[in-house]
Amino acid sequence: MQTSVASSATSTNPTHHVELTTDPISLAALVDFVRSDEAGAIATFSGTTRNSFIVSGVRKSVTELSYEAYAPMAIAQFHTILNEAQTTHFPTVIKLAVAHRTGVVPVGQESVIIAASSPGRKDAQNATAWILDELKRRVPIWKKEHYGDGSVATWKENGECSWLAGGPH
Amino acid sequence: MQTSVASSATSTNPTHHVELTTDPISLAALVDFVRSDEAGAIATFSGTTRNSFIVSGVRKSVTELSYEAYAPMAIAQFHTILNEAQTTHFPTVIKLAVAHRTGVVPVGQESVIIAASSPGRKDAQNATAWILDELKRRVPIWKKEHYGDGSVATWKENGECSWLAGGPH
Amino acid sequence: MAKNFQVLYFASARDATLAREETLSIPDDCHTLPVPQLIRNLTARHPGLQAVFKSAILAINNQYVDHAGRELDGGRMVEVKPGDEVAVIPPVSGG
Amino acid sequence: MAKNFQVLYFASARDATLAREETLSIPDDCHTLPVPQLIRNLTARHPGLQAVFKSAILAINNQYVDHAGRELDGGRMVEVKPGDEVAVIPPVSGG
């Protein structure tokens, strides 16, 4: 059972917000967090549960997605990713926020939200996209698709997963 | 005096929302418009009024921005841009929305919001960025910066403006 | 019969003319008004527009047009006709 | 004195073991447990893990580690120590 975790106890960076929770997540809350009088730009990405996916070449109706997380490591990875975004890749970023929901996420609702603010538009937009890519590559969260036709629910694997390409050895 | 115009009377595309208004604009409203059970991704961009800008190499405190629009043409241009985004560049996009505020926009508040939804993340993210670029290139809206030091407010010019580079002839 | 057309002024153009819009007429001996002549007429009426036109273009019926009268989108040559809506368009700064 | 460590199972690994976690021990005659041996031990306990390990890696104390025991981030070789938290990590699918 996933407990609701608001943020990592080990992080003290006030410009970063990390959230892993079974509750519905709110874009407005993350945008309010990254909002700043110094910012000219706020970029966001929301991943929502679709009502269908292609599985083995066949489009299947999806009734819900459920997510599982290795919570302490996922939160630590999120903080690492936000820190790397800010210090290494997108230095003008002002604030960053990421929220990921675990447990069941019904069709149409958000599973992940990322928000970034910066003075000009490029860093906010690029940081948002980069954080999503890193999340898909390495954060220990797993998604299970539940189908409308009653067939067996399957654990998905991100093509971007960093140890999937060559396979582990 | 800008009247509040909700959308162009000439557009009948139900998947596009264009808004030009003196009222505060709402990210949540645009996200709700583009939300769809077929969408796995919603990307947004919000341009907010910053509290300072560099003017002739000097950082000046900004008290507010004010925007003026050639409203009928701006709305027509927005619809053209959304149509081009959907039919020519980002074919998997499901819905698009753009809202631009005119009149005074205080520091920290949104002057423009763009939202896009698509099944996968790339088209929503890229459409949002492309629409912003096109807006800056050609939509007849002008921004005036009002400064904290009482110096004369100035009309800005986007470097991206499509007739600025070579100059008109 | 007067052959009127509207001219709208925005941003720095409005500052130069102190007007949001005015109604002008095509000369009696012409059917249409070529764009270069329009620009000369406007600048004569409002000398402050000379500086504005260093970077501004025009819109005729919501189509951008350069100083020669060529539409930016498609390259068609146009002139001002009675009933047209013309706008002086300084470099934009939306977003 | 038992030299215990935790093993956590996620996603398809949990389906294979029907357990979220278990406590194992490092053999009495060793100080640490090499990762290849850990994997053999886990697969012996739970034969269903053999398929899982075709694509899963491990995390030891929140650091990803490959089947040889090499940390993905930095390349340091590690072995399992008493008190460690080990997790079986199938390919992720967050976002």
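No hydrogens, no waters, no symmetry mates; every other heavy atom, side chains included, goes into these values. In what follows, chains are A, B, ... by sequence order, proteins preceding strands, each numbered from 1.
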Polar pairs (donor with acceptor) under 3.5 Å from chain A to chain B:
from	atom 1	to	atom 2	distance (Å)
A:Arg35	NH1	B:Gly108	O	3.3
A:Arg35	NH1	B:Glu110	OE2	2.9
A:Arg35	NH2	B:Glu110	OE2	3.1
A:Asp37	O	B:Asn51	N	2.9
A:Glu38	OE2	B:Asn51	ND2	3.0
A:Ala39	O	B:Thr48	OG1	2.8
A:Gly40	O	B:Thr48	N	2.9
A:Ile42	N	B:Ser46	O	2.8
A:Ile42	O	B:Ser46	N	2.8
A:Thr44	N	B:Thr44	O	3.1
A:Thr44	O	B:Thr44	N	3.1
A:Thr44	OG1	B:Thr44	OG1	2.5
A:Ser46	N	B:Ile42	O	2.8
A:Ser46	O	B:Ile42	N	2.8
A:Thr48	N	B:Gly40	O	2.9
A:Thr48	OG1	B:Ala39	O	2.7
A:Asn51	N	B:Asp37	O	2.9
A:Asn51	ND2	B:Glu38	OE2	2.9
A:Gly108	O	B:Arg35	NH1	3.3
A:Glu110	OE2	B:Arg35	NH1	2.9
A:Glu110	OE2	B:Arg35	NH2	3.1
A:Arg121	NE	B:Asp133	OD1	3.4
A:Arg121	NH1	B:Glu160	OE2	3.1
A:Arg121	NH2	B:Asp133	OD1	2.5
A:Arg121	NH2	B:Glu160	OE2	3.4
A:Asp133	OD1	B:Arg121	NE	3.4
A:Asp133	OD1	B:Arg121	NH2	2.6
A:Glu160	OE2	B:Arg121	NH1	3.1
A:Glu160	OE2	B:Arg121	NH2	3.3

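- If you measure heavy-atom distances from A:Leu132 to chain B, the contacts under 4.5 Å come from the side chain alone.
- With a 4.5 Å cut-off on non-hydrogen atoms, A:Ala28 does not touch chain B at all.
- Of the residues considered (A:Ile113, A:Leu27, A:Val112), A:Leu27 shows the highest number of contacts with chain B, using heavy-atom pairs under 4.5 Å.
- Using a 4.5 Å cut-off between heavy atoms, A:Val31 contacts chain B through its side chain alone, with no backbone atom that close.
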